[in-house]
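Worksheet for the structure shown next.
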Amino acid sequence: MVQLRDIAKALDEDRDGYEYLDVFADDIYELREGKLSGGGRTVRRESHPALTIPVEDKILLIELYVEQGIARCRLVSAQDQATESSSVEGMIPGDVLQRLLQVAREKKEGLLGGLVLGMLIGRGSRSPVEIVLAMQFDPVSKRWQLYDGPLLRWAKQTIQPAAGVGSAAST
Amino acid sequence: VALTELQISKLVERYIREQDRYGKMAGLVSRHASARLRDDAIPHMVTFRGKSPESLRGKLTRDRAKHSFDSFDGELTPTLLDLAGVRVLLYRPQDIEPTCIAIEEAFVVPAEDDVPDGKKRFRRDHDMPQGYRARHRIVTLHDELLGSDPEFANLKPVHCEVQVVTLLDHIWNELEHDIKYKTPDGQPSDEQGALLRSLRREIDTAQTTVVDLMDATDRQRGRNRTAIESAQALQQALQDRCGREVNGDLQRLLDLLRGVMREVTPASMSQLSLSGEDLDGAMARLRAVAATHPDLENAVRDDEVTAAIAALWPLHGRAFMKIVKTWRGPRSQVRRLIESLNDVSFQGMV
């Protein structure tokens, strides 16, 4: 499993090139174990729940795509969080989380074993073209590495929130 | 007893009071029909209208002998069935049957098993080889839909005529309609008759072309969505994209594209800067930079794969670097090119 700090670190390291990291929700320790730390705020989105949560000295915005079992994570500034007019104190309802985790398990089709995959998503400043880099989390070194295994194509099709959501996900 | 002028005026006045209800019914039926056809992937267009009072007056006057005033006691429908009207316009004749099935499922078409004279009122199929072609279905709303919104409550007794017709047949129908209902005796002259027959033949030919064109477009869409999984397929797609012969290490280029794209298809490649102009521009910039950087000069080949990598570098350069670091075996030309581009910070120099 991967922890939120590992996600925040990966996003911070690739901040110039990539905006999001998409992962199966049940691969995130804090979501799976219900151990989201205090200070989180839920954020209203039209089609999906989301929350901001402090992770060490950073703030992660986590958008939950329940029917895809995907958590889309990105770093936001404290100012972004403060200006999120519809945010409220508190966490995502338990039944929504349970559904999210269940869907994530189903979407994996038993293919991954313990393998944790994620998609780094970037976008050129002047281009609509999405950059999708498949990453694999190494639990020993706690680092994300490029994934080029046999499940690459399946992973790229499966680990995505929904067609065309990238541009709509900005805060 | 045939309708009198006074009775016709009374009926038209009654209709004017209720006209909004028929317009609402037509709008609702058109929205639901269109949504259902979209779900069924049937290409279509929909128009709808509540009948105009002038049109109703004309119809009642023409058909005055067919109706008695007593038959209109209560509601204008079911005596008149086309006060609310929806027209579903299709591109292909083969979509007519599935469209009618969809309409009959989405709405209620009253049963009429025992029609004394064989003239059905609620399902009419007009398939005349030389004449009017369309299918008419008279529908009401399912109870479930009626109950879904209090606003629909007054639509329960309202009927709506749904006409299903191809776009091309609609042209013929409209022109023939103008002759039938807007000329003194409603009969085409010899000249009009000959032109209508000629138009029918041309429409039938055009209909075949429309179907062939849509089939060809479907096949092209299928090809555009098919994943590119070989160097040869990439070569073909790139040639189609840039309009010239393509050479170079296409397998390595495919590995790079697979690494950075969700899926490599002709459609997804069309979003990349890989036109002939893009490749020429990128190669010119690459040559200019390489002129002062020997390592890069040695890695540059005069082929389209090299030009493509240079063209994609501003957007994908960082990711390409991550990818080539995972490659095993001897350093390929593509790897040397990418590492050299990274060394000279190619993006910043163009």
Side-chain angles (χ1 to χ4, degrees), chain A residues 9-23 65 68 70 72 107 115 117-138 141 143-167 169, chain B residues 225-230 233-234 241 251-275 278 281-282 308-329 332 334-335 338 341-342 345-348 350:
Chain A
K9 191 176 171 192
L11 284 165
D12 194 41
E13 285 174 357
D14 276 312
R15 205 160 194 158
D16 293 339
Y18 304 95
E19 195 174 359
Y20 307 103
L21 182 62
D22 295 341
V23 292
Y65 290 85
Q68 287 76 32
I70 299 297
R72 163 164 281 201
K107 291 277 180 181
L115 186 64
L117 296 179
M119 294 295 152
L120 267 178
I121 309 293
R123 197 177 290 278
S125 58
R126 288 175 300 167
S127 166
V129 178
E130 186 188 44
I131 307 169
V132 186
L133 217 52
M135 308 298 286
Q136 168 185 352
F137 182 67
D138 177 7
S141 65
R143 296 193 68 83
W144 292 88
Q145 302 162 348
L146 194 76
Y147 174 74
D148 190 25
L151 294 171
L152 178 65
R153 192 170 167 198
W154 171 87
K156 284 198 168 183
Q157 292 306 307
T158 311
I159 306 178
Q160 60 173 326
V165 298
S167 59
Chain B
R225 286 194 298 263
T226 303
I228 293 170
E229 293 182 335
S230 69
L234 178 63
R241 178 83 174 88
Q251 184 57 54
R252 288 297 188 191
L253 179 59
L254 181 56
D255 291 342
L256 292 171
L257 293 175
R258 271 194 193 131
V260 298
M261 298 173 77
R262 183 83 65 186
E263 190 165 36
V264 185
T265 64
S268 63
M269 279 184 57
S270 70
Q271 294 185 310
L272 301 177
S273 307
L274 293 174
S275 68
D278 292 329
I309 290 169
L312 297 173
W313 189 263
L315 184 60
H316 293 293
R318 287 166 53 92
F320 286 171
M321 266 306 289
K322 283 180 189 281
I323 292 167
V324 297
K325 280 180 185 170
T326 68
W327 287 355
R328 302 285 173 262
S332 63
V334 167
R335 180 170 181 171
I338 287 170
L341 285 169
N342 189 59
S345 303
F346 181 59
Q347 187 174 351
V350 294

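Just so it is clear: chains get the letters A, B, ... in the order the sequence lines come, proteins before strands, and each one is counted from 1.
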Testing the basics here: between A:Q157 and B:R262, what is the closest heavy-atom pair and its distance to 0.1 Å? NE2-O, 3.4 Å
Could you check which of B:T326, B:V264, B:V260 has the highest count of heavy-atom pairs closer than 4.5 Å to chain A? B:V260
Leading residue by heavy atom contact count with chain B [cutoff under 4.5 Å; candidates A:L120, A:L146, A:I121, A:V132]: A:V132
Could you tell me if the side chain of A:E130 sits less than 4.5 Å from the side chain of B:M261, heavy atoms only? no
Rounded at 0.5 Å granularity, tell me how far NE2 in B:H316 sits from CD1 in A:I131. 5.0 Å
Derivation and outcome, side chain to side chain contact (heavy atoms under 4.5 Å, CB included), residues A:R153 and B:R258: CA-CA 8 Å; A:R153 192 170 167 198; B:R258 271 194 193 131; over 6 Å; no
Which region of A:Y18, side chain (C-beta onward) or backbone (N, CA, C, O), has a non-hydrogen atom less than 4.5 Å from a non-hydrogen atom of chain B, or is it both or neither? side chain
Kindly say whether A:L133 contributes a backbone atom to a donor-acceptor pair with the side chain of B:K322 at under 3.5 angstrom? no
